[in-house]
Amino acid sequence: MSSPKKNIRERKEQFTTSSGIEIKPSYEPSEINKEQPGEYPFTRGAHSRMYRSRLWTMRQYAGFSTAEASNERYHYLLQQGTSGLSVAFDLPTQIGYDSDHDFAEGEVGKVGVAIDSIEDMERLFKGIELQKISTSMTINSTAFILLALYVAVAKRQGADLRQLSGTVQNDILKEYAARGTYIYPPKPSMRIITDIFAYCSQELPRWNTISISGYHIREAGSTAVQELAFTLANGKAYLQAALAVGLDINVFAKRLSFFFNAHNCFFEEIAKFRAARRMWAKITKSLGATEARAQKLRFHTQTGGSTLTAQQPQNNISRVTLQALSAVLGGTQSLHTNGYDEALSLPTEEAARTALRTQQIIAYESGVTDTVDPFAGSYFMEQLTNEVEAAAWKYIEKIEAMGGAVSAIEQGFMQEEIARSAYAYQKAVEQKEEIIVGVNQFVAEEETGKVPIFRVDDTIRNIQIDKLKALKARRDSQVVNTLLLEVERRAKADINLMPAVIEAVDKGATLGEISDVLRKVFGEYRG
């Protein structure tokens, strides 16, 4: 066979991944990884049979307007074949304000559902048996309150709490680094997280107590390597915080999960997921985990929201398909696919259905689920996995030298690295070194007017305010005030908050009232 001609002109001077890792024209055989799927360090998959025995959970992230409106969407998605719910909360709910607070004006029900009280939570899950469904809640600084509301509703339904399954994101460190929906300073925020770990290990053994998120780090502009490194560094900080309060790593580490972004660089994304499992296994083992389940990295994936374009929005269907496929080939346990219209508005029912059908076609028609880790042994994939891992370890070593993730965030290291990468990418797009189809190349006359737009009415806030007034008129205010004082006492005395918060919300205390009690005790973080 003749060798390739060396004088053939290539499209670029250099081909690289999003993280700057050089991609060679071809790869030679190297030492093949002999490890089996489901075996330490789990590069090839968290489970030995992967999708041959069970497909990933197909979630569609949804939540908007009132609890009643979101409840309708959940029933619709369940009827279409989604196998788990994923709840989006509005901005006031995320940062601890009731809908009647001045800071909530203009934001109620806009980017997610408004939840002020247990009555809202009951409406959100009306007709849905919590014991029979897995629920993921994307919530961080107020995660303990939303989990308390969920538990209180489950109790009212007569559910066995030990059978409840789902995930609360509860990842505050990435809020300081990338997203911004924090309330309290880092140290008391970490204390609240360990309270959730301790409570759930006793009362909700099937609940994933944290979903350590690289997704938002990537959405803020990081590279794939930075997403991986910063996420795992945060994960290590959570492990260390739990160990510091005496929790058993072989117990609580089993309930940790991760949340990654599936971005555009197809092969690098697969390599990132494979490297993540291997690195996390090494981290947990180094901190004392001896049981395989405590060493396994399990993760949810969402396709890249920042990759969606308002121009030629139907192109987003192709983007989402490739991103979802990378997540499946990388071994995800759970997946959300974005609606093609999300650069324009919240997804319509039609867009949400198309996104779900994308997952179902991959699962049932493509054949990629018939074998485990199909890229195993690929010269390119094995080397790329190694290179992604090596680059991520370099970042983690820098973070460790700074004193760990909390210290690195306080020093602004992660934030500066993400900002630098985001700037470099935007500059490359403007100079057409990075091509975005329909945006800076292959531009067509705009036809976005033909895409249905889903809008949330501003009157939603008035509806929520009326509900709050009615709740406060009905509840026993003396009982609520006594329970809020108990939350305050526990916060000051460093006693687990969860039992008191569950009791308070069950009696009608609102999310904003509980958040304000802790603002008084812990103060607010001013980045």
Side-chain angles (χ1 to χ4, degrees), residues 4 10-33 41-44 178 214-215 217-233 258 260-283 297 299 301 303-304 306-307 319 322-323 325-327 329-332 373-399 413-414 416-429 431-436:
E10 295 186 333
R11 292 184 293 109
K12 299 179 182 179
E13 289 185 12
Q14 187 181 47
F15 291 79
T16 65
T17 70
S18 78
S19 305
I21 297 170
E22 183 178 359
I23 300 173
K24 295 186 288 188
S26 63
Y27 288 79
E28 300 301 321
S30 57
E31 185 178 343
I32 299 299
N33 188 347
F42 313 107
T43 313
R44 297 195 58 202
Y215 183 85
I217 291 170
R218 192 65 174 279
E219 290 292 282
S222 81
T223 66
V225 164
Q226 290 170 337
E227 176 193 356
L228 176 59
F230 298 165
T231 305
L232 295 187
F258 286 79
F260 287 116
N261 196 305
H263 219 265
N264 281 338
C265 193
F266 184 74
F267 293 112
E268 185 181 39
E269 293 303 291
I270 300 168
K272 178 187 74 180
F273 300 133
R274 298 173 90 244
R277 278 190 295 271
R278 188 156 72 200
M279 294 175 72
W280 186 245
K282 293 174 183 177
I283 289 170
L297 179 144
F299 66 100
T301 313
T303 55
S306 62
T307 70
R319 293 186 178 100
L322 286 167
Q323 293 165 5
L325 185 59
S326 75
L329 292 171
T332 192
D373 193 18
F375 277 109
S378 157
Y379 307 149
F380 175 41
M381 183 55 64
E382 295 295 355
Q383 186 161 332
L384 186 57
T385 301
N386 293 341
E387 291 186 76
V388 167
E389 179 183 7
W393 280 126
K394 286 182 181 178
Y395 267 114
I396 291 175
E397 287 164 7
K398 286 183 182 178
I399 291 166
F413 172 71
M414 292 187 193
E416 288 173 9
E417 289 294 308
I418 293 167
R420 191 176 293 115
S421 294
Y423 174 76
Y425 177 75
Q426 184 58 35
K427 188 176 177 182
V429 170
Q431 295 175 350
K432 293 192 176 182
E433 293 169 3
E434 292 283 347
I435 300 300
I436 303 176

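Remember, predicted model here, so these are calculated numbers, not experimental data.
- Within the model, atoms OG of Ser326 and CZ of Phe260 stand 12.5 Å from one another, a figure rounded to the nearest 0.5 Å.
- In this structure a side-chain-to-backbone donor-acceptor pair under 3.5 Å is missing from Glu22 to Gln14.
- In terms of heavy atoms, Ala262 sits closest to Thr301 at CB-CG2, 3.6 Å.
- If you take CD on Glu389 and CG on Leu232, they are separated by 10.0 Å, rounding to the nearest 0.5 Å.
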>> Would Thr16 and Ile23 count as a side chain to side chain contact (heavy atoms under 4.5 Å, CB included) here? Give the steps.
In response: CA-CA 5 Å; Thr16 65; Ile23 300 173; 5.7 Å; no

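- Residues Phe42 and Ala281 approach most closely at CD1-CB, 3.9 Å, considering heavy atoms.
- By the side-chain contact (heavy atoms from CB on, under 4.5 Å) test, Gln431 pairs with Lys427, Glu433, sequence neighbours left out.
- Here the closest non-hydrogen pair linking Thr231 and Gly214 is OG1-CA, 2.9 Å.
- Residues Tyr379 and Ser26 have side chains not in contact (no heavy-atom distance under 4.5 Å, counting atoms from C-beta outward).
- For Phe380, the ring-ring contact (aromatic ring centres under 6.0 Å, His included) partners are Tyr27, Phe267, not counting sequence neighbours.
- Counting only N and O atoms by type, the side chains of Glu227 and Asn261 include no donor and acceptor under 3.5 Å apart.
- Applying the salt bridge (charged side-chain N to carboxylate O under 4.0 Å, His left out) rule to Glu269 yields the partners Arg218, Lys272; only residues at least two apart in sequence or on another chain are considered.
- Rounded to the nearest 0.5 angstrom, Gln323 CD and Thr307 OG1 are separated by 4.0 Å.
- Residues passing the side chain to side chain donor-acceptor pair (under 3.5 Å) test with Tyr395, sequence neighbours excluded: Gln226, Glu417.
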> Where do His263 and Thr303 land on the side chain to side chain contact (heavy atoms under 4.5 Å, CB included) test, with the steps shown first?
Replying inline: CA-CA 6 Å; His263 219 265; Thr303 55; over 6 Å; no

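- Partners of Glu219 according to the salt bridge (charged side-chain N to carboxylate O under 4.0 Å, His left out) rule, which considers only residues two or more places apart in sequence or in another chain, do not exist here.
- Of the inter-residue distances, the one linking Asp373 atom CG with Phe273 atom CZ reads 13.0 Å to the nearest 0.5 angstrom.
- Checked by atom type and distance alone, the side chain of Ser19 never pairs as donor or acceptor with a backbone atom of Ile21 at under 3.5 Å.
- Taking the ring centroids of Phe258 and Trp280, they lie under the 6.0 Å cut-off.
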> Does the pair Tyr425 and Thr223 meet the rule for a side chain to side chain contact (heavy atoms under 4.5 Å, CB included), with working shown?
Replying inline: CA-CA 9 Å; Tyr425 177 75; Thr223 66; over 6 Å; no

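- Nearest approach of Thr332 to Phe299, heavy atoms of both residues: OG1-O, 3.1 Å.
- A salt bridge links Arg274 with Glu382: the closest approach of a Lys/Arg side-chain nitrogen to an acidic carboxylate oxygen falls below 4.0 angstrom.
- Residues Ala392 and Leu228 come closest through the heavy atom pair CB-CD2, 3.9 Å.
- Residues passing the side chain to side chain donor-acceptor pair (under 3.5 Å) test with Lys398: none are found, sequence neighbours excluded.
- Among all heavy-atom pairs drawn from Gly221 and Ser421, the shortest one is O-CB, 3.4 Å.
- For the pair Val429 and Ile436, the minimum side-chain heavy-atom distance is below 4.5 Å.
- A distance-only check finds no donor-acceptor pair linking the side chain of Arg277 to the backbone of Leu297 [under 3.5 Å].
- A donor-acceptor pair shorter than 3.5 Å cannot be found between the side chains of Glu397 and Trp393.
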>> Using the rule given for side chain to side chain contact (heavy atoms under 4.5 Å, CB included), can you reason through Val388 versus Thr17, listing the C-alpha separation, both sets of side-chain angles and the distance that settles it, and then say yes or no?
In response: CA-CA 10 Å; Val388 167; Thr17 70; over 6 Å; no

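- Distance check: Leu322 CG to Arg319 CZ gives 10.0 Å after rounding to the nearest 0.5 Å.
- Residues Phe230 and Ile399 meet the side-chain proximity criterion, which asks for heavy atoms closer than 4.5 Å.
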